[in-house]
**Q** 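Sharing a structure, written as structure tokens. Questions coming.
Just so it is clear, the model here is predicted, and its values are computed rather than measured. In this chain, numbering begins with 1 at the start of the sequence shown.
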Amino acid sequence: MAGKPSTASRKNSAPLAQDAATDNSWNTARPRTLVDHAVDAILSAASRGLILPGDRIAEPELVAKLGMSRVPIREALRILESQGIVTSEPYKGIRLMEISHQRLEQIIDVRIPLETLACRRAIEAGRNSAEQLNQLYQGVAQMQAMMQNDDVYGFASADTDFHRTLCSFAHNPVLSNLWESIARQLTVIFGLSTMGKSMSDIIEEHQRLINVFADGDIAKMTDEVENHIRIQALDVDYETLITQRRQHRSALG
């Protein structure tokens, strides 16, 4: 008979589970802080090429541009350093991560096994049905909306969210946590990729990925994931684009 759990069953459950059953505050989203805003602002500037790979990032300049104190900015930079977005070296200060051919290959070496395994596990478990496909289509729709708004950071974030969603279908928190360790680096790379490739072409690549995922052929999905990641990473000459952008910026003074 359905009803409230008995006293005995509540005594046998873990204390945290008892609290969660009666405390709806666990479902409340964490409010965004100044640190969150500072992280977003730095990522946005990096993905749009306002801060270029290798550029020095000065705290006083961020304080002036963002209109906040050094404390949240310093914490934001600490978080971004832990995720590989910025580096800090003695006598060199804080700089945006370099994006070289070697760095891209290193990221590819990590992404392909993670996303291939995620897709394999999802397909094996039948998690490539309408429910999952709708989530991926929503991700593409968000990318299309950001393209219409000419919002590069929004587009890059939507691209990152698409792949985050795809990895989540594996239902493997270890895999997802490993993928999250490079997620913000990917956002920067995805944003810069729009300087050398049209957003519509990038969206088409994601739609093709969905189609193969829906078919459920693991071998074909394995090939498509590798092609998708390699094309996105190596189809754009990032080093040349960054050099040209830096020269253009210097010419403008």
Side-chain angles (χ1 to χ4, degrees), residues 34-68 70-112 114 146 150-160 163 178-199 202 229-253:
L34 287 176
V35 174
D36 296 325
H37 287 295
V39 167
D40 274 350
I42 295 167
L43 283 174
S44 175
S47 66
R48 291 181 292 143
L50 300 181
I51 306 173
L52 291 171
D55 278 358
R56 189 170 183 274
I57 300 175
E59 282 185 20
E61 186 176 350
L62 290 178
V63 168
K65 287 185 178 296
L66 301 181
M68 60 179 71
R70 285 177 178 263
V71 175
I73 288 173
R74 193 166 292 162
E75 178 62 15
L77 289 171
R78 187 195 65 77
I79 291 170
L80 292 174
E81 183 178 8
S82 72
Q83 297 172 345
I85 305 298
V86 301
T87 59
S88 177
E89 297 180 36
Y91 310 111
K92 290 186 178 180
I94 298 172
R95 295 183 180 275
L96 187 64
M97 68 178 191
E98 295 283 357
I99 297 181
S100 61
H101 186 82
Q102 180 183 25
R103 180 62 172 263
L104 290 170
E105 286 286 1
Q106 291 168 347
I107 292 174
I108 287 171
D109 285 345
V110 173
R111 276 191 74 194
I112 288 176
L114 287 176
M146 294 301 103
D150 198 25
D151 183 344
V152 172
Y153 178 52
F155 185 86
S157 297
D159 193 341
T160 305
H163 288 275
L178 288 171
W179 187 88
E180 284 296 338
S181 69
I182 61 169
R184 280 177 167 158
Q185 294 182 53
L186 296 179
T187 300
V188 174
I189 293 169
F190 293 162
L192 292 176
S193 72
T194 64
M195 293 163 48
K197 178 188 285 189
S198 72
M199 292 184 185
I202 295 172
I229 291 174
R230 286 196 179 278
I231 287 173
Q232 192 167 44
L234 302 178
D235 204 29
V236 175
D237 187 346
Y238 290 90
E239 291 176 314
T240 298
L241 284 173
I242 292 164
T243 298
Q244 291 173 344
R245 186 74 175 234
R246 184 167 281 117
Q247 290 171 343
H248 178 70
R249 187 176 63 184
S250 297
L252 293 176

**Q** The criterion is side chain to side chain contact (heavy atoms under 4.5 Å, CB included); which residues satisfy it with Gln102, sequence neighbours excluded?
**A**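 Residues passing side chain to side chain contact (heavy atoms under 4.5 Å, CB included) with Gln102: Ser100, Gln106.
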
**Q** Would you indicate whether the side-chain heavy atoms of Leu66 and Pro72 approach each other to under 4.5 Å?
**A**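 With C-beta onward as the side chain, the pair stays apart.
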
**Q** For Arg111, enumerate each residue passing the side chain to side chain donor-acceptor pair (under 3.5 Å) test, keeping only those at least two apart in sequence or located in another chain.
**A**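 Side chain to side chain donor-acceptor pair (under 3.5 Å) list for Arg111, sorted by chain: Glu115, His163.
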
**Q** What's the spacing between Leu104 CG and Ile189 CD1 if we round to 0.5 Å?
**A**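 Rounded to the nearest 0.5 Å, the CG-CD1 separation comes to 5.5 Å.
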
**Q** Ala156 and Gly191: which non-hydrogen atoms are nearest, and at how many Å?
**A**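 Distance-wise, the nearest heavy atoms are CB-N, 3.5 Å.
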
**Q** Strictly by side-chain hydrogen bond (donor to acceptor under 3.5 Å, both in side chains), give each pair with a member in residues 47-61 just once, sequence neighbours left out.
**A**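 Output for this query lists Ser44-Arg48, Asp55-Arg246, Asp55-Arg249, Glu59-Arg70, Glu59-Arg74.
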
**Q** Answer yes or no: is there a side-chain heavy-atom contact under 4.5 Å between Leu80 and Ile94?
**A**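 No - every pair of side-chain heavy atoms lies 4.5 Å or more apart.
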
**Q** What salt bridge (charged side-chain N to carboxylate O under 4.0 Å, His left out) pairs are there with at least one residue in residues 150-159, not counting sequence neighbours?
**A**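 Qualifying pairs, neighbours excluded: none.
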
**Q** Do the non-hydrogen side-chain atoms of Val110 and Leu178 ever get within less than 4.5 Å of each other?
**A**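 Val110 vs Leu178: side chains apart.
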
**Q** To the closest 0.5 Å, what do you measure between CD1 (Ile57) and CD1 (Ile42)?
**A**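 The CD1 atom of Ile42 is 6.0 Å from CD1 of Ile57, to the nearest 0.5 Å.
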
**Q** List in chain and number order the residues that pass side chain to side chain contact (heavy atoms under 4.5 Å, CB included) with Leu241, two or more places apart in sequence or in another chain; answer none if no residue qualifies.
**A**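 By the side chain to side chain contact (heavy atoms under 4.5 Å, CB included) rule, Leu241 matches Met195, Val236, Gln244.
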
**Q** Do Glu75 and Val39 touch side chain to side chain, with heavy atoms closer than 4.5 Å?
**A**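 No, too far: nothing below the 4.5 Å cut-off.
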
**Q** So does Lys197 have more than 12 non-hydrogen atoms from other groups sitting under 6.0 Å from NZ?
**A**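 Count over threshold, so yes.
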
**Q** With the side chain counted from C-beta on, respond yes when Leu52 and Leu96 share a heavy-atom pair under 4.5 Å apart, and no when they do not.
**A**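 The answer is no, as the side chains (C-beta and beyond) never meet within the 4.5 Å cut-off.
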
**Q** Mind checking the CG-CG spacing from Asp109 to Leu114? Nearest 0.5 Å is all I need.
**A**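 One gets 11.0 Å once the value is rounded to the nearest 0.5 Å.
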
**Q** Is there a donor-acceptor pair under 3.5 Å between the side chain of Arg95 and the backbone N or O of Thr87?
**A**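 No; judged by distance alone, with no hydrogens or angles, the pair does not exist.
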
**Q** Just by distance, do the side chain of Thr194 and the backbone of Phe190 share a donor-acceptor pair under 3.5 Å?
**A**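 A pair under 3.5 Å: no.
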
**Q** Indicate yes or no: at least one non-hydrogen side-chain atom of Leu186 is less than 4.5 angstrom from one of Trp179.
**A**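 Yes - at least one pair of side-chain heavy atoms lies under 4.5 Å apart.
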
**Q** Nearest 0.5 Å please: distance from the CD1 atom of Ile73 over to the CG atom of Leu34.
**A**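 So the CD1 of Ile73 and the CG of Leu34 are separated by 9.0 Å.
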
**Q** What heavy-atom pair brings Thr160 and Ala183 nearest, and what distance separates the two atoms?
**A**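 Result for this residue pair: CG2-O, 3.8 Å.
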
**Q** What residues form a side chain to side chain donor-acceptor pair (under 3.5 Å) with Ser193, not counting sequence neighbours?
**A**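 Per chain and number, Ser193 pairs via side chain to side chain donor-acceptor pair (under 3.5 Å) with no residue.
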
**Q** Would you call Arg78-Glu81 a salt bridge at under 4.0 Å N-O?
**A**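 Salt bridge flag = no for Glu81 with Arg78.
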
**Q** Less than 4.5 Å apart, side chain to side chain, heavy atoms only: is that true for Leu62 and Met68?
**A**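 No, side chains not in contact.
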
**Q** Looking at Gln83, is its backbone amide N or carbonyl O close enough to the side chain of Gln185 to form a donor-acceptor pair, meaning the two atoms are under 3.5 Å apart?
**A**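 Yes; at least one donor-acceptor contact below 3.5 Å.
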
**Q** With Thr240 as reference, evaluate Thr243, Asp237, Ile242 under the side-chain contact (heavy atoms from CB on, under 4.5 Å) test and give the passing residue.
**A**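 Of all the options given, the one that passes is Asp237.
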
